[in-house]
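The structure appears right after this line, and notes come after that.
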Amino acid sequence: MQERLDRFISGQVAGISRAEAQKLIRRGAVSVGKEVCRRPERKISPDTDEITLNGERIGYKKYLYIMLNKPAGVVCSTRDGLSETVLALLPPDLRRRGLFPAGRLDKDTVGFVLITDDGALAHRLLSPKRHVDKKYCVRLRDPIDPGAAEKFSAGMELDGEKLLPAGLEITGERECYITLREGRYHQIKRMFGALGNEVTYLKRTEFAGIPLDPSLSEGQARELSPREEQALKKEDNSSLSYFFPSN
Ligand code: URA
């Protein structure tokens with residue numbers, strides 16, 4: 001697919017607006033192949049044309065896939081008048097037009113948020129039909145109900161709606177991991193609330209089978225590795241078959 005040269009540059013190079021790209025092109029800072037091109041409207045083929053800016057090749061990435069370790073206090077949206085959004089946390093080299101968080105964590109939940117500009121993939125991952133696994137570490141106010149694993153795996157009913165089976169691994173009297181294959185509003189808080197308990201800490205540790213990189217501290221982000229990107233695009237990235245072999 002062809003794209004205008006000015007649009008390509010502002011889309012691929014962090015911090016360069018379309019107007020700035022046009023100025024750079026007119027000034028002769030940009031080459032297509034070996035030739036300087038001064039026409040911002042020139043159509044290029046991003047996959048095959050070599051574009052250089054001030055003598056440096058611009059690497060082409062159609063989409064970005066970013067893992068962010070979200071801290072508490074920021075919201076998963078592209079805009080919010082009151083609170084900081086996850087996009088504001090991205091380092092300058094990972095910022096570009098069109099990025100958005102694929103799915104939401106509550107403001108006080110921490111951990112793995114996927115940020116991308118690949119709308120089609122995000123749509124597939126978030127589709128209720130797709131059942132992408134999300135794993136969370138949960139700390140609770142009170143000891144875990146001994147029947148919780150059974151109730152969650154049977155698929156609880158919450159406010160009249162039947163939930164999909166969820167996997168529970170108990171790691172302490174008040175601590176566990178829970179794996180969901182859907183993402184309803186405040187789901188984990190409401191699941192434990194229905195058992196008379198209260199979530200005091202919630203961290204997403206895995207998304208679509210990809211673990212949160214333990215070297216990322218809260219607020220830090222990095223691009224997915226090629227292997228992680230492949231895992232994200234795999235049709236079936238469920239680990240819940242471990243709990244529910246027949247699903
Ligand atoms: N469940 C919740 O209650 N909150 C989240 O942020 C994610 C899952």
Side-chain angles (χ1 to χ4, degrees), residues 65 67-70 72 76 101-114 121-214 216 218 224-225 227-247:
Y65 304 96
M67 172 192 294
L68 168 75
N69 186 356
K70 176 193 171 304
C76 284
R104 281 171 190 250
L105 293 181
D106 296 339
K107 191 170 171 181
D108 58 352
T109 302
V110 300
F112 193 157
V113 174
L114 176 74
L121 181 75
H123 184 75
R124 263 188 284 140
L125 290 171
L126 301 177
S127 149
K129 282 198 204 115
R130 186 59 205 283
H131 303 164
V132 170
D133 289 358
K134 276 106 23 192
K135 185 169 178 178
Y136 297 82
C137 172
V138 189
R139 294 196 196 122
L140 296 149
R141 184 193 58 202
D142 301 323
I144 299 170
D145 179 319
E150 211 174 303
K151 290 177 186 151
F152 290 174
S153 72
M156 275 183 118
E157 207 176 286
L158 261 190
D159 302 325
E161 284 186 296
K162 177 93 170 144
L163 301 182
L164 291 172
L168 187 70
E169 293 167 71
I170 296 176
T171 47
E173 197 188 29
R174 294 177 169 78
E175 193 182 280
C176 60
Y177 284 84
I178 180 163
T179 305
L180 302 182
R181 36 180 39 178
E182 57 189 339
R184 293 173 192 250
Y185 182 68
H186 293 333
Q187 183 166 340
I188 296 175
K189 292 173 185 163
R190 287 164 61 223
M191 286 166 76
F192 282 102
L195 302 180
N197 210 331
E198 190 186 325
V199 172
T200 56
Y201 172 85
L202 190 56
K203 175 177 186 171
R204 182 145 83 188
T205 58
E206 236 179 85
F207 180 79
I210 304 166
L212 176 67
D213 182 342
L216 287 181
E218 283 182 15
L224 291 192
S225 67
R227 187 178 288 204
E228 289 167 337
E229 195 181 311
Q230 241 178 12
L232 193 67
K233 293 178 179 172
K234 232 175 40 182
E235 270 310 304
D236 176 14
N237 35 29
S238 174
S239 61
L240 267 185
S241 47
Y242 168 75
F243 296 100
F244 312 114
S246 57
N247 274 306

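All of these numbers come straight from a predicted model, not from anything done at the bench.
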| message | Could you check whether any side-chain heavy atom of L232 comes within less than 4.5 Å of a side-chain heavy atom of L114, counting everything from C-beta outward? | response | yes

| query | When rounded to the nearest 0.5 angstrom, what distance separates NE2 in H186 from CG in L158? | reply | 12.5 Å

| request: Could you check whether the rings of F152 and F192 sit parallel, tilted or perpendicular, using 30° and 60° as the cut-offs? | output: perpendicular

| field | Backbone of L216 reached by a side-chain donor or acceptor of N69 within 3.5 Å | value | yes

| R104, K70, M67 screened by side chain to side chain contact (heavy atoms under 4.5 Å, CB included) with V113, the one that passes | K70

| Can you check side-chain contact (heavy atoms from CB on, under 4.5 Å) on I188 and L180, steps first, answer last? | CA-CA 9 Å; I188 296 175; L180 302 182; 3.7 Å; yes

| field | Nearest non-hydrogen partners of A194 and M156, listed with the distance | value | CB-CE, 3.9 Å

| remark: Taking every heavy atom of M191 against every heavy atom of A166, the minimum-distance pair comes out as CE-CB, 3.9 Å

| said: Testing L164, D133, V132, L126 one by one against E182 for a side chain to side chain contact (heavy atoms under 4.5 Å, CB included), which residue passes? | reply: L164

| query | Between E228 and S225, is there a donor-acceptor pair closer than 3.5 Å when you use the side chain of the first and the backbone of the second? | reply | yes

| Minimum-distance pair of heavy atoms, taken over all atoms of T109 and L202 | CG2-O, 3.4 Å

| said: Nearest 0.5 angstrom please: L140 CG to K189 NZ, how far? | reply: 12.0 Å

| Would Q230 and K234 satisfy side-chain contact (heavy atoms from CB on, under 4.5 Å), going step by step from the backbone distance to the final call? | CA-CA 6 Å; Q230 241 178 12; K234 232 175 40 182; over 6 Å; no

| message | Less than 4.5 Å apart, side chain to side chain, heavy atoms only: is that true for L163 and R190? | response | no

| request: Give a yes or no on whether the backbone of F112 and the side-chain of R204 come within a donor-acceptor separation of less than 3.5 Å. | output: yes

| said: So which atom in A231 and which in I210 form the shortest heavy-atom distance, rounded to 0.1 Å? | reply: CB-CG1, 4.2 Å

| message | Regarding K135 and E169, does a basic nitrogen lie under 4.0 Å from an acidic carboxylate oxygen? | response | yes

| task | Kindly determine whether Q187 and I178 satisfy side-chain contact (heavy atoms from CB on, under 4.5 Å), including the steps that lead there. | result | CA-CA 11 Å; Q187 183 166 340; I178 180 163; over 6 Å; no

| What closest approach, in Å, do E206 and G209 show between heavy atoms, and which atom pair accounts for it? | OE1-CA, 3.8 Å

| Hey, is D159 close enough to R184 for a salt bridge, meaning N to O under 4.0 Å? | no

| field | Heavy-atom pair with the smallest gap, counting every atom of L195 and A148 | value | CD1-CB, 3.8 Å

| said: Determine whether a donor-acceptor pair (N or O, by modelled atom type, separation under 3.5 Å) exists between the side chain of R174 and the backbone of R141. | reply: yes

| field | Residue of the set E175, E198, E173 for which salt bridge (charged side-chain N to carboxylate O under 4.0 Å, His left out) holds with R139 | value | E175

